[in-house]
Amino acid sequence: RSKDAGGGKFHIYEPQLHVEAEERRRLEVALRTAVEQGQMHLAYQPVVDATSTKLTGFEALLRWVHPEYGPISPAKFVPLAEEARLIAPIGEWVLRTACREAANWPSDVRVAVNVSPDQLHDPNFVAVVASALANSGLTADRLELEVTESVFMREGTGAVRVLERILDLGVRLSLDDFGTGYSSLGYLSRTRFSSIKIDRSFVQGASKGVREAIAIIRAVVALAKSLGMATTAEGVETEAEHQMVQELGCSKVQGYYFGRPLPVDEARNLANQRRWNDAAAA
Ligand code: C2E
Ligand code: MG
Ligand code: MG
Ligand code: MG
């Protein structure tokens, strides 16, 4: 399918529409059993301090390898799982797995887990988080939940209350893909985020010298600082991009330049090696 199709929103040709509907239906059926069949796993992408480039944690990213269709991108199946109301059980599996796996890392290495709006609109989610921590032995301050602005778009204050109770557990929150949704600064003053993640599109724009992108990063960094929040630049792919976002004042960086999402064993090795390096340097 053409990339110009606008994320699947525009379909010019009728036959394409049929193919897409059929593919969606097949994927949805497959998604219903993917977790039970052991087809899902997590990959962990390093997040590092922008200045020292020391590892601070990993973001857990969901991976699905279907025995027949092969690897399917979360950018494709997560929205589908959300629409089909399948994201809550999958998300619970992600959370429990990430906490269990991260509990094996050095105690100053955090794990960030992406959470969908559906999960946050379920009051029972607080108990799920508490139980994932208790069962894994991971301390609450090592868990960070990444939420997007879309969580605040639904009616009512249910999600805000769930977020507050999660904060009360000692878990951190970060605002993912900042600037790509319908941003309202009100959320930032009402919810205690530890960090704001600046979307890759701004990082890319800034490195190409797009003045608006640079201005936006500068403004977000200033805003975050004045609210006592950190900023993470997403999708840093080159040394030049790293230098750029560091100069703009971003506190943390994440991207292919520092590491691709890794299998759990490699993530653990990297975390341990870093500790060894620090000890050797001291
Ligand atoms: P995200 O949370 O913004 O995650 C960052 C995405 O950017 C990841 O894509 C990551 O692999 C990719 N990325 C990181 N560094 C670079 C880079 O330097 N260049 C480029 N081009 N890309 C980079 P991924 O793993 O395909 O995930 C896509 C999205 O799917 C995530 O975006 C997140 O919104 C969603 N997702 C992934 N795992 C989960 C999950 O467990 N639960 C939920 N609800 N959503 C998830
Ligand atoms: Mg994320
Ligand atoms: Mg992100
Ligand atoms: Mg993003």
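Numbering of ligands and ligand atoms starts at 1, following listing order.
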K.L.:
Ignoring hydrogens and angles, state whether a donor on the side chain of Asp141 or Thr139 is under 3.5 Å from an acceptor on the partner side chain.
P.N.:
yes
K.L.:
Between the Mg ion (ligand 2) and Glu146, which N, O or S atom of the residue is the nearest one?
P.N.:
OE1
K.L.:
Look only at interatomic distance and state if Glu234 has a nitrogen or oxygen under 3.5 Å from any nitrogen or oxygen of ligand 1.
P.N.:
yes
K.L.:
Of all the N, O or S atoms in Glu59, which has the shortest distance to the Mg ion (ligand 2)?
P.N.:
OE2
K.L.:
Among side-chain atoms of Asp49 and Ser52, is any donor-acceptor pair under 3.5 angstrom?
P.N.:
yes
K.L.:
Please give the atom name: the N, O or S atom of Glu234 nearest to the Mg ion (ligand 3).
P.N.:
OE2
K.L.:
Have Glu144 and Ser174 got a donor and an acceptor in their side chains that come within less than 3.5 Å?
P.N.:
yes
K.L.:
Check contact between Glu59 and ligand 1, using heavy atoms of the residue and a distance below 4.0 angstrom.
P.N.:
yes
K.L.:
Please say whether the positively charged group of Arg26, taken as NZ for Lys or CZ for Arg, lies over the ring of Tyr69, i.e. under 6.0 angstrom from the six-membered ring centre and within 45 degrees of the axis.
P.N.:
yes
K.L.:
Using a 4.0 Å heavy-atom cut-off, say whether Gln254 meets ligand 1 through its side chain, its backbone, both or neither.
P.N.:
neither
K.L.:
Of all the atoms in Asp177, is at least one N, O or S atom closer to the Mg ion (ligand 3) than 2.8 Å?
P.N.:
yes
K.L.:
I'd like to know if Arg24 pairs up with Glu20 as an ion pair, taking the criterion as any Lys NZ or Arg NE/NH1/NH2 lying under 4.0 Å from an Asp or Glu carboxylate oxygen.
P.N.:
no
K.L.:
For Asp177, which part has a heavy atom under 4.0 Å from ligand 1: side chain, backbone, both, or neither?
P.N.:
side chain
K.L.:
Does only the side chain of Arg260 get under 4.0 Å from ligand 1, or the backbone, or both, or neither? Count heavy atoms.
P.N.:
neither
K.L.:
Between Val78 and ligand 1, find which residue part has any heavy-atom pair under 4.0 Å and reply side chain, backbone, both or neither.
P.N.:
side chain
K.L.:
As a test of reading the structure, name the N/O/S atom of Asp176 that is nearest the Mg ion (ligand 3).
P.N.:
OD1
K.L.:
Is there a nitrogen or oxygen of Asp176 sitting under 3.5 Å from a nitrogen or oxygen of ligand 1?
P.N.:
yes
K.L.:
Which bit of Leu62 is near ligand 1, meaning a heavy atom under 4.0 Å away: side chain, backbone, both or neither?
P.N.:
both
K.L.:
Look at ligand 1 and say whether Pro261 reaches it with a heavy atom at a distance under 4.0 Å.
P.N.:
yes
K.L.:
Heavy atom of Lys197 under 4.0 Å from ligand 1?
P.N.:
no
K.L.:
Got a sec: is Asn114 within less than 2.8 Å of the Mg ion (ligand 2) via an N/O/S atom?
P.N.:
yes
K.L.:
With a cut-off of 6.0 Å (strictly less than), are more than 12 heavy atoms of other residues, nucleotides or ligands near CZ of Arg268?
P.N.:
no
